[in-house]
Trainee: 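Below is one structure. I have some questions about it.
Everything numeric here is computed off the predicted structure, so don't read it as measured data. For the numbers below, each heavy atom of this structure counts, side chains included, while hydrogens, waters and symmetry mates do not. We number each residue from 1, following the sequence as shown.
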Amino acid sequence: MSETDPRRWKALVFIALAQLMVVLDATIVNIALPSAQQDLGISDGNRQWVITAYALAFGGLLLFGGRIADLWGRKRTFVVGLIGFAAASALGGAATGEAMMLGARGLQGAFGALLAPAALSLLAVMFTDAKERAKAFGIYGAIAGGGGAVGLILGGFLTEYLNWRWTFFVNIPFAIVAAVGAYFVIREPVGGRNRSPLDIPGVVLSTLGLVSLVYGFTRAESEGWSDATTIGLFVASAVLLAAFVLTEAKVKSPLLPLRVLTERNRGGVYLSLGLAVIAMFGLFLFLTYYLQIVKGYSPVRTGFAFLPMIAGMIIGSTQIGTRLMTRVPPRWLMGPGFLTAAVGMLLLTQLEIGTSYTGLILPAQLLLGLGMGTAFMPAMSLATHGVDPRDAGVASAMVNTSQQVGGAIGTALLNTIAASATTAFLTDHAAGATTPAAQKLLQLQGMVEGYAAAIWWAVGILAVSAAIAVTFINTGKPQMSVPAGPGAGDGADAGAGEGVRDEVKIPVVMH
């Protein structure tokens with residue numbers, strides 16, 4: 001790509017809007033679920049499938065979606081993903097029964113898997129100047145990190161003042177505006193497609209392997225880790241994903257070229273980000289329950305209670321991360337960012353029934369948001385570090401996959417830890433609760449004890465994320481861009497350890 005796209009900032013508006021819609025959808029439905037369950041007659045046993053159907057389709061098809069973006073073209077994939085997501089959302093909002101709702105959620109996940117990698121890879125190939133790239137990824141990182149909390153606010157409003165169906169219908173205007181805007185504004189760089197034949201064995205093995213993994217963690221949350229089916233799913237996932245890696249090493253045109261994973265900087269991003277998301281998802285869940293059940297907050301008030309975290313993420317991503325990314329190596333943003341988030345999480349281990357929101361929860365959220373925002377921003381940019389433009393879709397899919405799998409693991413793992421700690425606390429203190437009031441108080445104390453125990457684990461996970469980021473990621477700060485020469489865009493494969501090519505115009509200094 002020999003010239004800068006003059007419409008890139010307009011394009012960013014529509015890409016960011018689409019990303020916000022996908023991230024919102026991950027949490028907005030959670031708040032609407034109790035009302036939807038009652039209206040549609042969904043059993044308690046099946047209600048988790050409203051969440052799981054989306055997670056399985058999204059997580060399982062992300063790599064396929066990334067490869068389709070490289071094959072079809074990112075703009076076309078992006079627009080098709082948006083239109084499909086809008087149609088699936090309309091179907092979910094109009095659902096008359098359980099089957100229709102679950103089908104709509106599965107379709108939302110499938111089209112989200114087309115949309116998300118295309119959005120990130122469009123940014124990677126459109127923003128080529130180091131400073132501009134830092135700003136663009138700062139905005140994208142803030143949305144990727146804070147959108148879930150925005151979903152809680154919007155979901156609370158829509159459920160409380162309108163109807164749960166609007167948590168689906170609200171996606172339609174987002175999708176239409178983003179699709180129309182993208183169609184007229186986005187201009188994809190020439191020579192960025194990968195027209196190699198589709199790796200069908202890779203598609204089948206990766207999809208089945210990821211679905212088994214995500215479903216294994218989801219099932220572990222409800223049925224326990226020793227459940228035979230849960231163990232079977234984990235074994236099947238390990239076998240399928242191992243077969244996928246072997247297949248990718250041998251086929252001529254792999255779905256996921258192993259060079260995308262083996263370059264240490266990208267590998268460090270996928271691993272550290274996936275772990276950090278485990279901690280984040282667990283926190284969203286516990287803080288939502290704590291505020292609503294223990295503190296008695298309404299859905300809307302709960303949503304607003306997350307605002308300090310959103311503010312912290314926006315500041316961390318668009319101010320701290322963006323301003324420092326061209327001045328310091330990325331690992332010195334990601335490592336301290338994850339550690340700052342860990343300090344915020346550490347404050348939340350002190351939760352009690354009577355904990356003050358302004359005295360503890362608010363400062364903890366600010367630290368979490370600042371840390372995560374600062375770390376997310378360079379992570380999103382490095383996800384396509386050193387990759388050939390025609391592999392940008394599948395490299396972008398990998399960062400989404402690490403987040404999606406991290407979210408599934410986080411919800412299941414931390415929920416299990418919290419439930420075990422709560423049970424142990426109730427068993428130890430049951431004898432002292434002899435009146436109904438004392439028993440109710442004990443239940444709340446047990447819940448808070450469980451949340452605190454799980455949050456301790458989240459602190460440890462964030463510390464490990466910081467260590468991985470500092471150890472694995474060794475690229476230097478991006479230098480000022482130099483215009484690419486003629487023919488840029490026809491570069492060869494990006495091997496392990498290479499700097500970003502002329503197509504991306506950010507030479508990387510390795511320390």
Trainee: Should the heavy atoms of other residues, nucleotides or ligands under 6.0 Å from CD of Glu352 be counted, would the total exceed 12?
Mentor: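 Count not over threshold, so no.
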
Trainee: Do Val459 and Thr349 touch side chain to side chain, with heavy atoms closer than 4.5 Å?
Mentor: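 Heavy-atom side-chain distance check passes, below 4.5 Å.
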
Trainee: Looking at Val50, is its backbone amide N or carbonyl O close enough to the side chain of Arg105 to form a donor-acceptor pair, meaning the two atoms are under 3.5 Å apart?
Mentor: yes

Trainee: Looking at Asn171 and Ser89, what are the two nearest heavy atoms and their distance?
Mentor: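 Here Asn171 and Ser89 meet closest at ND2-OG, 3.1 Å.
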
Trainee: Quick one: are Ile172 and Phe169 in side-chain contact, heavy atoms under 4.5 Å?
Mentor: yes

Trainee: Under a 3.5 Å distance rule, please check whether Asp199 uses its side chain to pair with a backbone N or O of Gly202 as donor and acceptor.
Mentor: yes

Trainee: Check whether any side-chain N or O of Ser317 sits under 3.5 Å from a backbone N or O of Ile314 as a donor-acceptor pair, and report yes or no.
Mentor: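 Not a single qualifying donor-acceptor pair exists.
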
Trainee: Is the closest side-chain heavy-atom distance between Ser212 and Leu240 below 4.5 Å?
Mentor: yes

Trainee: For the CD1 atom of Ile293 and the CE atom of Met447, what is their distance to the nearest 0.5 Å?
Mentor: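 Rounded to the nearest 0.5 Å, the CD1-CE separation comes to 4.0 Å.
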
Trainee: Calculate, to the nearest 0.5 Å, the distance between atoms CG and OG belonging to Leu62 and Ser206 respectively.
Mentor: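 Answer rounded to 0.5 Å: 10.0 Å.
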
Trainee: Is it possible for you to check whether Lys295 lies under 6.0 Å from the centre of the six-membered ring of Tyr290, through NZ or CZ, and within 45° of that ring's axis?
Mentor: no

Trainee: Any idea which heavy atoms bring Gly106 and Ala57 closest together, and the distance?
Mentor: O-CB, 3.2 Å

Trainee: What orientation do Tyr161 and Phe157 show, parallel under 30°, tilted 30 to 60°, or perpendicular over 60°?
Mentor: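 The arrangement is tilted - the two ring planes meet at 30° to 60°.
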
Trainee: Does the pair Met101 and Phe168 meet the rule for a side-chain contact (heavy atoms from CB on, under 4.5 Å), with working shown?
Mentor: CA-CA 11 Å; Met101 169 61 79; Phe168 286 89; 3.5 Å; yes

Trainee: Do Leu91 and Met100 have side chains that approach each other closer than 4.5 Å (heavy atoms only, starting at C-beta)?
Mentor: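 The answer is yes, as the side chains (C-beta and beyond) meet within the 4.5 Å cut-off.
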
Trainee: Is it the case that the side chain of Gln365 and the backbone of Ala305 share a donor-acceptor pair, with hydrogens and angles ignored and the cut-off at 3.5 Å?
Mentor: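 At least one qualifying donor-acceptor pair exists.
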
Trainee: Answer whether the closest heavy-atom distance between the side chains of Val464 and Phe338 falls below 4.5 Å.
Mentor: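 Heavy-atom side-chain distance check fails, nothing below 4.5 Å.
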
Trainee: Assess the residue pair Phe425 and Leu442 against the criterion (side-chain contact (heavy atoms from CB on, under 4.5 Å)); give the C-alpha distance rounded to whole Å, side-chain angles, the decisive distance to 0.1 Å, and a yes or no.
Mentor: CA-CA 9 Å; Phe425 183 86; Leu442 181 64; 3.7 Å; yes

Trainee: Ring centroids only, cut at 6.0 angstrom: are Phe85 and Phe111 within range, meaning strictly under it?
Mentor: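 No, the ring of Phe85 stays outside the 6.0 Å limit from the ring of Phe111, centre to centre.
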
Trainee: Should the heavy atoms of other residues, nucleotides or ligands under 6.0 Å from CH2 of Trp164 be counted, would the total exceed 12?
Mentor: yes

Trainee: Counting N and O atoms only, with roles assigned by atom type, does the side chain of Gln108 sit under 3.5 Å from a partner on the main chain of Ala88, one being a donor and the other an acceptor?
Mentor: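 Checked: no pair found.
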
Trainee: Leu40 vs Thr96, test: side-chain contact (heavy atoms from CB on, under 4.5 Å). Steps then yes/no.
Mentor: CA-CA 6 Å; Leu40 300 178; Thr96 54; 5.6 Å; no

Trainee: Give a yes or no on whether Trp166 atom CH2 has more than 12 heavy-atom contacts from other residues, nucleotides or ligands under 6.0 Å away.
Mentor: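 At most 12 heavy atoms, drawn from other residues, nucleotides or ligands, come within 6.0 Å of this atom.
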
Trainee: Going by heavy atoms in the side chains, are Leu256 and Phe244 under 4.5 Å from each other?
Mentor: yes

Trainee: Check whether any side-chain N or O of Thr355 sits under 3.5 Å from a backbone N or O of Leu351 as a donor-acceptor pair, and report yes or no.
Mentor: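 Pair absent, no side-chain N/O of Thr355 close to backbone of Leu351.
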
Trainee: Can you measure from CG (Leu115) to CD1 (Ile83) and round to the nearest 0.5 angstrom?
Mentor: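 Interatomic distance, Leu115 CG to Ile83 CD1, rounded to 0.5 Å: 11.0 Å.
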
Trainee: Which residues satisfy the side-chain contact (heavy atoms from CB on, under 4.5 Å) test with Leu441, sequence neighbours excluded?
Mentor: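 With sequence neighbours excluded, Leu441 shows a side-chain contact (heavy atoms from CB on, under 4.5 Å) to Ile353, Gln445, given in chain and number order.
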
Trainee: Locate the shortest heavy-atom distance separating Leu414 from Trp457; write the atom from each residue and the value.
Mentor: CD2-CB, 3.9 Å

Trainee: So, Ser465 side chain and Ala276 main chain: donor-acceptor pair closer than 3.5 Å or not?
Mentor: yes

Trainee: Leu210 and Leu241: which non-hydrogen atoms are nearest, and at how many Å?
Mentor: N-CD2, 4.2 Å

Trainee: So, Glu449 and Thr422: side-chain donor and acceptor under 3.5 Å apart, yes or no?
Mentor: no

Trainee: Rounded to the nearest 0.5 Å, how far does CE of Met372 lie from CG of Leu370?
Mentor: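 Going from the CG atom of Leu370 to the CE atom of Met372 covers 12.0 Å.
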
Trainee: Supply the atom-to-atom distance Ile15 CD1 to Leu20 CG, rounded to the nearest 0.5 angstrom.
Mentor: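 Answer rounded to 0.5 Å: 14.0 Å.
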
Trainee: Could you go through Leu273 and Phe376, starting from their C-alpha distance and side-chain angles, then the distance that decides it, and tell me whether this counts as side-chain contact (heavy atoms from CB on, under 4.5 Å)?
Mentor: CA-CA 8 Å; Leu273 202 57; Phe376 261 63; 4.0 Å; yes

Trainee: Tell me whether Thr340 contacts the main-chain N or O of Gly371 through its side chain, where contact means a donor paired with an acceptor under 3.5 Å.
Mentor: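 It does not hold such a pair.
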
Trainee: In Å and rounded to the nearest 0.5 Å, what is the CD1 to CE distance from Ile461 to Met345?
Mentor: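 Answer for the CD1-CE pair, Ile461 versus Met345, is 8.5 Å.
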
Trainee: Does Arg301 make a cation-pi contact with Tyr297 (under 6.0 Å, within 45 degrees of the axis)?
Mentor: yes

Trainee: Which atom pair, heavy atoms only, marks the closest approach of Ala119 to Phe78?
Mentor: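 That would be CB-CE1, 3.8 Å.
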
Trainee: Is it the case that more than 12 heavy atoms not belonging to Tyr357 sit under 6.0 Å from its OH atom?
Mentor: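 Enclosed.
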
Trainee: Output all residues satisfying side-chain contact (heavy atoms from CB on, under 4.5 Å) with Ile68, sequence neighbours left out; order by chain, then residue number.
Mentor: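 Testing Ile68 for side-chain contact (heavy atoms from CB on, under 4.5 Å), a comparison that skips the adjacent residues, returns Phe64, Trp72, Thr77, Leu114.
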
Trainee: Provide the closest heavy-atom pair for Ala175 versus Ala86 in the form atom of the first, atom of the second, distance.
Mentor: CB-CB, 3.6 Å

